[in-house]
Enquirer: 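Take this structure first; my questions come after.
Keep in mind the model is a prediction, meaning the values are calculated, not measured. Below, all heavy atoms of this structure are taken into account, side chains as well, without hydrogens, waters or symmetry copies. Chain A is the first sequence line, chain B the second, and so forth, proteins listed ahead of strands; every chain is numbered from 1.
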2 protein chains.
Amino acid sequence: MRSIAKYKLADRRVEAGVQLLRPGEPSHETYELIEGWAFQYALFPDGRRQILNFVLPGAILGFHRDNDEVLTYGVEALTNTVVASYRINASDVFERDLETGMQLLWLLSRDLRLAFDRLASVGCLSAQERVAHLLLELFIRSRMRWPGHQIEHLNLPLTQEHIGDATGLTSVHVNRMLRDLGKRGILEFQYRHLRILDPDRLVELAAVDPYVLQSWIGLSVTSADRLETEVD
Amino acid sequence: MRSIAKYKLADRRVEAGVQLLRPGEPSHETYELIEGWAFQYALFPDGRRQILNFVLPGAILGFHRDNDEVLTYGVEALTNTVVASYRINASDVFERDLETGMQLLWLLSRDLRLAFDRLASVGCLSAQERVAHLLLELFIRSRMRWPGHQIEHLNLPLTQEHIGDATGLTSVHVNRMLRDLGKRGILEFQYRHLRILDPDRLVELAAVDPYVLQSWIGLSVTSADRLETEVD
DNA sequence: CGTATTCTTGACCCGCTTCAACTCAAGTGG
DNA sequence: CCACTTGAGTTGAAGCGGGTCAAGAATACG
């Protein structure tokens, strides 16, 4: 993220559970997630919540064309995180700076893909398939982001309630599905710790098209590469 | 769409029901929808289909960063349409052309919002609310696009099966919900013809946050404005 | 330690699906 | 002009997947 760094204001530590952005507020600030996990969500009047996307480092949050645009969804820190603030909007970017624009375009197109995948999952699949689908997605994105860790073994900072809110299920039923998946020897998820037992059956159960899978891997790899340049 | 016009190859007539882009194929061509309706969809091995987005004129379809990228979703013409073909990719755009890049960024961010809205709807709402939500969205987008027509009266080229595939319901149950909505005096939808009977109750039933509604209106208006420049 | 989340499990219930039959409109060709 | 076809809409009956409610167990945390 070399190019966007020009617009940087400050780094900030944000604790788990804190609302980075709230729906209904005007978005004056644009954030980049530097460290940790967060998620974007939509809220309904009756209190129901839909998790729209889980956010890993490198993502840009709250970017809009106009600074006084009102946010229609929120962002909450899932773990303790570090975020960078920027003062930036679309006109700034494109008048001055191609590289940044291209990065934003790439990030947006990745998020759109992920949104489409989850929409397809929630709209078409059974409860068990949806849970499998989500965990597979997070496993792959996380693995590509931090390739150093042990195979088929991963810490996911999620409660079963988060999984429920992301898949359109109740946490009670998520629990049953996780238990089933364990009994069937496909995956285990306990104490925020995911272990893939049978990758092939997981991919099949999650009804993930080979091309979709490839695109997840591809986009995550590219994302990591891209972020490497951030260090220098 | 003045700036993107440089990359234009040809206009093409496409009949209703034709697949503009198929999942699994490499995407050599980028299209702009000029006239008519289309929709983007994901397909599962067992034949289930999720409609991801309904596409109105002005949208860019099949745009990717690499020309040999494989498509993970398809596009089908809903009515007879006219599309323009372009030979273009991300590197082209940004190395040469800011204005086009900005348009693409804007279109992508609009599509992401719509995807998030539908995801929230499918994940959280009841069958009746989902149907109301979808029809309200299409009503507003269509109305903003073609503002000339009669109030609260609109032609939507959808079957109940399309509504079902977009909302994650069966067409049978969509039928029952439409019937209910009619009896309750909220809206009528028959013979591809939508009539809003009680806008206020519709907005409330669809659980559309005022800010979301505002953003739909805002983005559609802006879209129309933007597209106006296409003519000159 | 005690307290608060989170997880787990069972019993019951309801919204939506499934299956199936029938209606209705719009062609199409003899 | 009517018989046949085809796709969409309509309605009912029965079953099931997932929700709801509730109570208890496990784990994290101060």
Enquirer: Is it the case that A/N80 and A/E15 place a side-chain donor and acceptor less than 3.5 Å from each other?
Expert: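 Not at all, the side chains of A/N80 and A/E15 share no donor-acceptor pair under 3.5 Å.
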Enquirer: Contacts to DNA chain D from residues 37-53 of chain A, heavy-atom cutoff under 4.0 Å, which residues?
Expert: none
Enquirer: Quick check on B/Y211: does its OH atom have over 12 non-hydrogen neighbours (other residues, nucleotides or ligands) under 6.0 Å away?
Expert: no
Enquirer: Between the side chains of B/T170 and B/H173, does any donor sit under 3.5 Å from an acceptor?
Expert: no
Enquirer: Assess, by modelled atom type and distance only, whether the side chains of B/S215 and B/R113 contain a donor and an acceptor separated by less than 3.5 Å.
Expert: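 A donor-acceptor contact under 3.5 Å links the two side chains.
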Enquirer: Looking at the rings of B/H133 and B/W216, which for Trp means the six-membered one, are their centres under 6.0 Å apart?
Expert: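 When the ring centroids of B/H133 and B/W216 are compared, they turn out to be within the sub-6.0 Å range.
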Enquirer: Protein within reach of the bases, or only the backbone? For nucleotides 5-18 of chain D, mark each nucleotide 5' to 3' as B, S or -, using heavy atoms under 4.0 Å.
Expert: ---SSBBBB----B
Enquirer: If you measure only the distance, is there a donor-acceptor pair under 3.5 Å linking the side chains of B/R176 and B/Q128?
Expert: no
Enquirer: Does CD belonging to A/E204 count more than 12 external heavy atoms closer than 6.0 Å?
Expert: no
Enquirer: Are B/Y73 and A/F116 close enough that their ring centers fall under 6.0 Å?
Expert: yes
Enquirer: Tell me which one of B/Q19, B/Q50, B/E76, B/H162 satisfies side-chain hydrogen bond (donor to acceptor under 3.5 Å, both in side chains) with B/Y41.
Expert: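 In the set B/Q19, B/Q50, B/E76, B/H162, the residue that makes a side-chain hydrogen bond (donor to acceptor under 3.5 Å, both in side chains) with B/Y41 is B/Q19.
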Enquirer: Do other residues, nucleotides or ligands put more than 12 heavy atoms under 6.0 Å from A/E188 CD?
Expert: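 Counting other residues, nucleotides and ligands, CD of A/E188 exceeds 12 neighbours.
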Enquirer: First and last nucleotide of DNA chain C in contact with chain A, 5' to 3', at under 4.0 Å to a heavy atom: what are they?
Expert: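 Boundary nucleotides touching chain A, in 5' to 3' order, are C/dT6 to C/dA11.
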